[in-house]
*Asks:* 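This is the structure, below, for whatever I ask next.
Each ligand, and each atom within it, is numbered from 1 in the order the structure gives. Sequential numbering from 1 along the given sequence is applied to the chain's residues.
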Amino acid sequence: MCNRFMHPLRVAVQWLFLFFTCSLGVEFYRFVLHCRGESAVFVPRPEGIEGFLPISALVSLRGWILSGEINPIHPAGLVIFLTIIGISFLLKRSFCSWLCPVGTLAELCWKVGFRLFRRNFRPPSWLDIALRGIKYLLLLFFLGSIMVLMAPGSVLSFISSDYNKIADIRMLDFFLHPSLLSLIIMGILVLLSFPVKNVFCRFLCPYGALLGIVSSCSPVKVTRNKSLCISCGVCSGTCPSYLPVMELERVHSPECLGCWRCIAHCPVHGALEMKLPGGRYAVPGLLFALLVVLLFWGGSVVGKVTGVWHTAIPLQEYVILSRDPAVRH
Ligand code: SF4
Ligand code: SF4
């Protein structure tokens, strides 16, 4: 079956998920307005907002390992974090290229940049390698600080701290009232995202670095059939991660986003496929797309069914903590 439809399908999934994420953000904003007495309308807190708290989720994971219990402060955050790890383990970094809203906006930027400049710019190899190392250093910092160096007592006290309880509100305030320095940094990143592909994801995102490492174990990988390949170079040219797909038999790189761009653009049917080990079984594109969406959605269903989803923080505590001047300024 032709895989050309995979590119528009992925873009459709990306944008649907971006709108879903924005709707969560609006719901959460309205919840916070109510807590602060700025709106009489009560909107329940969407638990999915905890997906934006990966550091809290990492501390939760450590707390779970230490105590054997999942803390009830941000349980959905941990469920979403583990779901994304699971998806990366099975289906490469498909979360980055199919679902992550930052990835969607980054892709929009470099596509606009391509239209503006008629090309995208890639740093020289030595700089590209050095810059890509930043996200691994950040990952090492977070993993080392939280999973190794943080004392067990500190883990448990962080989880139950006021700071962690309203980490979501702090994050909202950070984006609603950014400091001048944050605005400058975000502005530079956005400006660079037009000429250079995936600046934040490729160079700075420690989450992406973690998912890349996990995705190395993924059973499915882009696989080239040497006997069918006509060495046209389209796959290498369309890869947003600049992987030399045409020169590889199987793409093992942690930079592979599982985006299917190379497969969708390959002009020879069967020359490039997403295959299981051994190269005998190719995963149909539609099945891959369905799995990405269903696994992500399934994670939240499992969380809800097992009671690991809703926060135990009472509304009254949110009301008190959200009005704390230390949070607001
Ligand atoms: S796009 Fe297809 S045919 Fe062209 S080089 Fe890549 S695998 Fe070979
Ligand atoms: S190798 Fe193919 S699937 Fe992997 S990032 Fe490049 S274009 Fe996407």
Side-chain angles (χ1 to χ4, degrees), residues 1-14 87-100 102-104 106-111 114 119-120 122 125 128-129 132 135 193 196-203 205 207-277 279 282-293:
M1 188 179 171
C2 174
N3 285 304
R4 288 216 166 269
F5 71 95
M6 284 300 278
H7 181 58
L9 176 63
R10 184 180 61 83
V11 172
V13 172
Q14 279 183 309
I87 291 174
S88 307
F89 185 74
L90 293 173
L91 303 170
K92 299 294 296 176
R93 282 174 63 186
S94 50
F95 173 78
C96 301
S97 60
W98 287 73
L99 301 177
C100 177
V102 179
T104 302
E107 187 172 332
L108 174 70
C109 285
W110 67 254
K111 282 178 175 171
F114 185 84
R119 56 171 292 202
N120 293 111
R122 186 186 178 186
S125 284
D128 185 61
I129 291 169
R132 272 191 280 146
K135 66 177 184 286
S193 298
V196 184
K197 286 181 181 174
N198 300 331
V199 169
F200 178 76
C201 315
R202 186 169 173 81
F203 302 135
C205 181
Y207 212 156
L210 176 64
L211 301 187
I213 292 169
V214 172
S215 78
S216 302
C217 308
S218 176
V220 295
K221 290 191 168 58
V222 173
T223 307
R224 189 172 63 95
N225 184 331
K226 278 199 291 185
S227 56
L228 292 176
C229 174
I230 56 171
S231 302
C232 65
V234 168
C235 48
S236 304
T238 51
C239 177
S241 298
Y242 299 109
L243 296 171
V245 185
M246 190 183 76
E247 292 153 34
L248 304 170
E249 268 187 60
R250 208 159 150 77
V251 179
H252 291 276
S253 169
E255 298 293 335
C256 175
L257 302 168
C259 68
W260 284 67
R261 275 180 69 88
C262 53
I263 300 173
H265 287 89
C266 174
V268 182
H269 179 69
L272 206 55
E273 291 173 302
M274 193 67 83
K275 285 191 165 177
L276 288 168
V283 180
L286 205 51
L287 176 63
F288 187 95
L290 272 174
L291 282 174
V292 173
V293 175

*Asks:* Quick one: how many protein N/O/S atoms are under 2.8 Å away from atom 8 (Fe) of ligand 1?
*Replies:*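 Number of qualifying protein atoms: 1.
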*Asks:* Judged by non-hydrogen atoms, does Thr238 sit under 4.0 Å from ligand 2?
*Replies:*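 Outside the 4.0 Å threshold, so no.
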*Asks:* Mind checking whether Lys197 and Arg122 have side chains closer than 4.5 Å, heavy atoms only?
*Replies:*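 Side-chain contact under 4.5 Å: no.
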*Asks:* Under the side chain to side chain contact (heavy atoms under 4.5 Å, CB included) criterion, do Leu9 and Leu286 qualify, and how do the steps go?
*Replies:* CA-CA 9 Å; Leu9 176 63; Leu286 205 51; 4.0 Å; yes
*Asks:* Could you check Asp128 against Arg202 for side chain to side chain contact (heavy atoms under 4.5 Å, CB included), going step by step and ending with a plain yes or no?
*Replies:* CA-CA 9 Å; Asp128 185 61; Arg202 186 169 173 81; 2.8 Å; yes
*Asks:* Tell me which one of Cys259, Ser253, Ser94 gets a heavy atom nearest to atom 8 (Fe) of ligand 2.
*Replies:*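 Selected option, by shortest heavy-atom distance: Cys259.
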*Asks:* In ligand 2, which numbered atoms sit nearer than 4.0 Å to a non-hydrogen atom of Pro240?
*Replies:*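 Selected atoms, number and element: 7 (S).
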*Asks:* Identify the closest protein heavy atom to atom 4 (Fe) of ligand 2: which residue and atom is it, and at what distance?
*Replies:*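 Sorting protein heavy atoms by distance from atom 4 (Fe) of ligand 2 puts Cys256 SG, 2.4 Å first.
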*Asks:* According to ring pair (Phe, Tyr, Trp, His ring centres under 6.0 Å), does anything in residues 209-268 pair up with another residue at least two apart or in another chain? List the pairs.
*Replies:*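 Counting only pairs at least two positions apart or across chains, the ring pair (Phe, Tyr, Trp, His ring centres under 6.0 Å) contacts touching residues 209-268 are His7-His265, Trp260-Phe288.
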*Asks:* Show the nearest heavy-atom pair for residues Asn3 and Gly285, with the distance to one decimal.
*Replies:*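 Where Asn3 meets Gly285 most closely, the heavy atoms are OD1-N, 4.0 Å.
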*Asks:* Who's the nearest protein heavy-atom neighbour of atom 5 (S) of ligand 2, and how far?
*Replies:*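 Heavy-atom neighbour on the protein nearest atom 5 (S) of ligand 2: Leu257 N, 3.2 Å.
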*Asks:* Can you find a pair of side-chain heavy atoms, one from Val251 and one from Lys221, that are under 4.5 Å apart?
*Replies:*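 When only atoms from C-beta onward are counted, Lys221 and Val251 do not touch, as no gap falls below 4.5 Å.
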*Asks:* Using side chain to side chain contact (heavy atoms under 4.5 Å, CB included), reason through Val11 and Lys111 one step at a time and then give a plain yes or no.
*Replies:* CA-CA 12 Å; Val11 172; Lys111 282 178 175 171; 4.0 Å; yes
*Asks:* To which protein heavy atom is atom 2 (Fe) of ligand 2 closest, and what is the distance rounded to 0.1 Å?
*Replies:*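 Looking at atom 2 (Fe) of ligand 2, the protein heavy atom closest to it is Cys262 SG, 2.3 Å.
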*Asks:* Under a 4.0 Å N-O cut-off, is there an ion pair linking Lys135 with Glu255?
*Replies:*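 Answer for the salt bridge query: yes.
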*Asks:* Quick check: do Leu272 and Thr223 have side-chain heavy atoms less than 4.5 Å from each other?
*Replies:*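 No. Closest side-chain heavy atoms not under 4.5 Å.
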*Asks:* Write down the atom of Ser218, the atom of Leu90, and the distance for their closest heavy-atom approach.
*Replies:*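 Of all heavy-atom pairs spanning Ser218 and Leu90, the closest is OG-O, 2.9 Å.
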*Asks:* Heavy-atom contacts with Pro267 under 4.0 Å: which atoms of ligand 1 show up? List them by number with element.
*Replies:*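 The atoms of ligand 1 under 4.0 Å from a heavy atom of Pro267 are 1 (S).
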*Asks:* Would you mind listing which atoms of ligand 2 come within a distance below 4.0 Å of any non-hydrogen atom of Cys239?
*Replies:*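 The atoms of ligand 2 under 4.0 Å from a heavy atom of Cys239 are 1 (S), 5 (S), 6 (Fe), 7 (S).
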